[in-house]
There are 2 protein chains.
Amino acid sequence: MFNRTGNQIPWWHGRFRGCGFRLTFARDAILNVLSKSNKHLSAEDIYLAVHKIYPAIGLTTVYRTLEILVQMKMVFKFDFGDRRARYELAEGIKGKEHHHHLVCTNCGRIIDYTDFVDKEKELLNQTEKGLQQKFKFKITNHIIQFYGLCDRCQKNV
Amino acid sequence: MFNRTGNQIPWWHGRFRGCGFRLTFARDAILNVLSKSNKHLSAEDIYLAVHKIYPAIGLTTVYRTLEILVQMKMVFKFDFGDRRARYELAEGIKGKEHHHHLVCTNCGRIIDYTDFVDKEKELLNQTEKGLQQKFKFKITNHIIQFYGLCDRCQKNV
DNA sequence: CTCAATGCAAATCTTTTGCATGCTA
DNA sequence: TAGCATGCAAAAGATTTGCATTGAG
């Protein structure tokens with residue numbers, strides 16, 4: 001999609017329309033960063049990156065925007081155990097696939113993997129169904145995460 | 001096991017011997033609380049409870065002791081997404097079974113469940129094996145957690 | 001007797017909030 | 001133009017650290 005000056009209009013512009021939230025420079029810049037970056041950015045990572053595009057932005061706005069984006073389900077919020085939240089674009093957006101994370105407890109490196117997720121999905125669906133029945137608990141999302149040592153860190157221990 | 005005054009000696013006394021850590025009043029009191037309480041206590045919960053047994057204790061000591069206990073693998077540390085760590089005695093200790101948690105995102109209630117864990121274990125073992133091979137990643141532990149709404153909160157929404 | 005363990009106060013660090021001002025729709 | 005959005009400064013809240021003192025082994 002293109003606007004009248006010939007620039008491509010980012011996909012998220014549409015998602016802001018009619019959702020009750022306004023699309024501001026700050027939000028546009030933040031989504032730009034998120035959609036270009038690889039992943040697992042902390043609020044500060046995002047702040048620093050956005051700062052280059054839009055220097056007037058404050059860290060507060062980054063936090064507030066991320067909260068909205070999580071609410072809109074455009075962004076996932078993760079916690080890898082280092083007391084700082086990480087954000088990445090949700091699945092289905094920009095062709096992201098369902099994946100999970102391996103977190104190295106030594107160096108903090110994070111490896112995304114997409115293997116085995118089908119089998120996992122199957123199991124999780126079963127489990128969720130069973131848990132909903134047994135506990136009358138309405139499951140909205142889940143976390144699966146593996147911790148350990150990456151190849152480099154195994155050598156250095 | 002009993003000492004010479006006829007009091008039962010807590011099981012953890014043995015585990016402190018020869019591990020390089022000293023068994024102090026504070027640590028004894030903290031383990032008392034952990035082994036009597038149900039579960040998912042925050043550092044402050046523990047601090048308040050220990051304070052009744054051993055009023056001189058400081059919150060700092062609670063944190064430092066918990067860190068040791070996690071290191072000794074006597075205690076698990078959890079994060080249920082509310083930015084405060086939770087602690088509970090490790091499995092295998094005091095007959096605790098392998099279990100996972102359902103976390104209500106509305107009221108914070110936590111439900112332990114032991115159902116489906118066999119199937120989960122099977123899948124996780126497979127996954128871990130596969131991931132170790134593929135990424136040369138040595139997995140040491142994992143997190144599985146479900147979030148959603150408990151029965152009460154579903155009614156009130 | 002020695003050095004690990006402790007308590008207190010202060011520091012850290014991430015995230016949140018209050019409030020006056022700016023900007024989108 | 002109306003209100004949502006923003007930036008700044010300050011607050012909040014959990015956890016950690018420095019340091020002098022205490023106590024376990």
Side-chain angles (χ1 to χ4, degrees), chain A residues 3 9-10 12-31 33 40-51 53-72 74-75 77-87 108, chain B residues 3 9-10 12-31 33 40-48 50-72 74-75 77-87 108:
Chain A
N3 65 15
I9 295 174
W12 59 80
H13 283 210
R15 300 193 53 157
F16 264 93
R17 251 183 258 123
C19 70
F21 295 114
R22 293 179 179 172
L23 182 52
T24 62
F25 285 127
R27 290 174 181 175
D28 205 45
I30 288 169
L31 276 159
V33 165
H40 328 121
L41 299 177
S42 69
E44 198 184 0
D45 293 336
I46 295 168
Y47 166 72
L48 292 173
V50 170
H51 201 266
I53 311 174
Y54 181 69
I57 201 169
L59 184 54
T60 306
T61 298
V62 174
Y63 276 108
R64 283 193 277 228
T65 300
L66 288 170
E67 198 189 331
I68 289 177
L69 294 175
V70 169
Q71 225 176 96
M72 292 170 81
M74 291 169 69
V75 165
K77 182 178 182 179
F78 291 99
D79 181 344
F80 294 148
D82 60 351
R83 304 228 134 246
R84 92 176 34 192
R86 309 289 183 142
Y87 301 86
Chain B
N3 65 14
I9 294 173
W12 60 80
H13 283 211
R15 298 192 56 155
F16 265 93
R17 250 183 259 121
C19 69
F21 295 115
R22 293 177 180 173
L23 182 51
T24 61
F25 285 126
R27 290 173 182 176
D28 205 45
I30 289 170
L31 276 158
V33 165
H40 329 120
L41 298 177
S42 69
E44 198 184 359
D45 292 336
I46 294 168
Y47 166 70
L48 291 173
V50 170
H51 201 265
K52 291 178 192 161
I53 310 173
Y54 181 69
I57 202 169
L59 184 53
T60 306
T61 298
V62 174
Y63 276 108
R64 284 193 276 227
T65 299
L66 287 170
E67 198 189 332
I68 289 177
L69 294 175
V70 169
Q71 224 176 94
M72 293 170 80
M74 290 168 71
V75 165
K77 182 178 181 179
F78 291 98
D79 181 345
F80 295 147
D82 59 351
R83 305 229 134 243
R84 91 175 37 189
R86 309 289 182 142
Y87 301 86

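Residue numbering restarts at 1 for every chain, and letters A, B, ... go by the order of the sequence lines.
When the side-chain contact (heavy atoms from CB on, under 4.5 Å) test is applied to A/Arg64, the partners found at least two apart in sequence or on another chain are A/Thr60. Shown here are the side-chain contact (heavy atoms from CB on, under 4.5 Å) partners of B/Leu23, two or more places apart in sequence or in another chain: B/Trp12, B/His13, B/Phe16, B/Arg27, B/Asp28. Residues that satisfy the salt bridge (charged side-chain N to carboxylate O under 4.0 Å, His left out) test with A/Asp82, not counting sequence neighbours, are A/Arg86. When the side-chain contact (heavy atoms from CB on, under 4.5 Å) test is applied to B/Ala85, the partners found at least two apart in sequence or on another chain are A/Arg83, B/Lys77, B/Tyr87. For the side-chain contact (heavy atoms from CB on, under 4.5 Å) test, residues two or more places apart in sequence or in another chain that qualify with B/Phe25 are B/Tyr54. Residues passing the ring pair (Phe, Tyr, Trp, His ring centres under 6.0 Å) test with A/Tyr63, sequence neighbours excluded: none. Annotation: side chain to side chain donor-acceptor pair (under 3.5 Å) contacts of A/Asp45 (sequence neighbours excluded): A/Ser42. Annotation: ring pair (Phe, Tyr, Trp, His ring centres under 6.0 Å) contacts of A/Phe21 (sequence neighbours excluded): none.
Residue-level contact check: B/Phe16 touches neither bases nor backbone, having no heavy atom under 4.0 Å from any strand.
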What protein N or O atoms touch nucleotides 18-23 of chain C N or O atoms at under 3.5 angstrom, if any, and at what distances?
none

What pairs of nitrogen or oxygen atoms, one from the protein and one from nucleotides 12-15 of chain C, lie under 3.5 Å apart?
from	atom 1	to	atom 2	distance (Å)
C/dT14	OP1	A/Arg84	NH2	2.1
C/dT15	OP1	A/Ala85	N	2.7
C/dT15	OP1	B/Arg83	NH2	2.9
C/dT15	OP2	A/Tyr63	OH	2.3
C/dT15	O5'	A/Tyr63	OH	3.2

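Helix-axis bend for the helix from C/dC1-D/dG25 to C/dA25-D/dT1: the local axis fitted to the five terminal pairs at one end deviates from that at the other end by 40°, rounded to 10°.
Across the protein-nucleic acid pair, B/Asp28 atom CG and C/dA5 atom C1' stand 15 Å apart, rounded to whole Å.
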